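Just so we're clear, the structure is a prediction, and the values are computed from it rather than from any experiment. In what follows, chains carry the letters A, B, and so on, assigned in the order in which the sequence lines appear, proteins first and then strands, with residues in each chain numbered from 1.
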Amino acid sequence: MERSDLQSNCPSCGNILIGDLYAGEVLCPSCGLVVLEQIEDIGPEWKAIDPEDKANRVRVGPPRTISLHDYGLSTDISSDMKDSQGQYLKPDTRTQFHNLQKWQRRIRISPSERSLSHSLAKINEVSQMMNLPKNVSETAARIYRESARLKVARNKSISGMTAASVYIACRKCGVGRTLKDISRSTHLDKRTVAKYYRILIKNVEKEYIPLPPIHKYISKLVNISKIDPKVERLALQLANKTNSSSFLVGKSPAGLAAAYIYISSVLLGSEMHQKEIADIAEVTEVTIRNRCREILDNYAIKQILYPQ
DNA sequence: ATGGTTTTTACTGCGTC
DNA sequence: GACGCGGTAAAAACCAT
């Protein structure tokens, strides 16, 4: 899918928004409005390779989703007591349908599925609260299902497991959310989420999921605050040129992103203070200073910006 | 549990407004 | 004197083993 397909407009001034639609972080370049709205259903969840394929796969009804316990495939018995023509039902058929409804509720969620349904609802709730795109909640749901299937979720706290699933889904989908972000939204201790994260990594999602690249962090910090897009551009440029350096490995991405933003804001003569950036990035000023020193000790700015 | 690494806390001195 | 910045030592947190 092309980036240009994802364009949308600012609700306040109508300008075209910039940013990472998949990450759910969008910014209006002219009025500075940060649109954290979830971009729903960006496109079909499948790719049509050729026209024939496309024709075969067209279907009626909402897309199948793995974030509902029955994949959204169950039949609903309407509760408005009308028939297909819109006529009200006769009293005796009414009671009949009432009973049908009752039984459907009982059958649809079997006891074994009740906890799964509860967990998936929780995942959807958290995702919605954090304005995460749909692909993240679907991925989280998939991970949780898998953990349930492998019986990893047995005797574990549902909130912990769902939070960890969402965190892993964010990493898999390249959405720059930290453990801290997740724990804040779920009202769980960061260590608790980390604990369940490790359980999932060990048993379900075994292959290593790389952390989102620094530029995602930079954009995220810019989007949640009122940082000048010019500063962002320069920060991204600096990050690009120095990113592969060995002295940066093992350092927290948030601290690094903060340092790039700080250096950029100083170069552009803006009024941003260390404290401000530190608060946005949720690191301390000391960490920013240390990263800045390392970057500036190893590179001359001129050399970064204008390499020979 | 442990040891190595990174971040935070708390405190200092310096220059500027 | 308040503020922003730069630095340091020690505590705390984190991570792999």
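Among the heavy atoms of the strands, none lies under 4.0 Å from A:Lys275.
Ring-plane geometry between A:Tyr299 and A:Phe247 is classed as tilted, the angle between the planes lying from 30 to 60 degrees on a 0 to 90 degree scale.
A:Asn290 has its CG atom 11 Å from the P atom of C:dG6, to the nearest Å. Rounded to an integer number of Å, the gap from A:Met272 CE to C:dC5 C1' is 16 Å. Regarding A:Lys190, its NZ atom lies at a distance of 16 Å from the P atom of B:dT6, rounded to whole Å. Put simply, CZ on A:Phe247 is 16 Å from C1' on B:dT6, counting in whole angstrom units. Taking atom CG of A:Leu296 as the reference point, atom P of C:dG7 lies 10 Å away to the nearest angstrom. Between the OH atom of A:Tyr262 and the C1' atom of C:dC5 there is a distance of 7 Å, given to the nearest Å. As rounded to whole Å, 13 Å separates atom C1' of C:dG7 from atom CD of A:Glu285. B:dT5 atom C1' lies 15 Å from atom CG of A:Leu256, rounded to whole Å.
In this model, no side-chain donor or acceptor of A:Arg293 finds a partner on the base of C:dG7 within 3.5 Å.
Regarding contacts with the backbone of B:dT7, a side-chain N or O of A:Ser252 is found under 4.0 angstrom from either OP1 or OP2. Side-chain N/O atoms of A:Thr287 include none lying less than 4.0 angstrom from OP1 or OP2 on B:dT6.
Nearest to the side-chain atoms of A:Lys251 among the listed nucleotides C:dC5, B:dT8, B:dT6 stands B:dT6. In this structure, the nucleotide among B:dT8, C:dC5, C:dC14 sitting nearest to the side chain of A:His273 is C:dC5. Of the listed nucleotides (B:dT7, C:dC14, B:dA10), B:dA10 has the atom at the smallest distance from the side chain of A:Val286. When the nucleotides C:dA13, B:dT7, C:dG7 are ranked by their closest atom to the side chain of A:Arg289, C:dG7 comes out on top.
Between the side chains of A:Asn124 and A:Ser127, no donor-acceptor pair of N or O atoms lies under 3.5 Å.
Comparing A:Gln274 and A:Arg191 by the nucleotide of DNA chain C whose heavy atom lies nearest to each, the residue mapping closer to the 5' end is A:Gln274.
With contacts defined as side-chain heavy-atom distances shorter than 4.5 Å, the pair A:Ile182/A:Lys190 does not qualify. The shortest side-chain heavy-atom distance between A:Ile263 and A:Cys292 falls under the 4.5 Å cut-off.
Smallest separation of non-hydrogen atoms from A:Ser265 and A:Val231: N-CG1, 3.9 Å.
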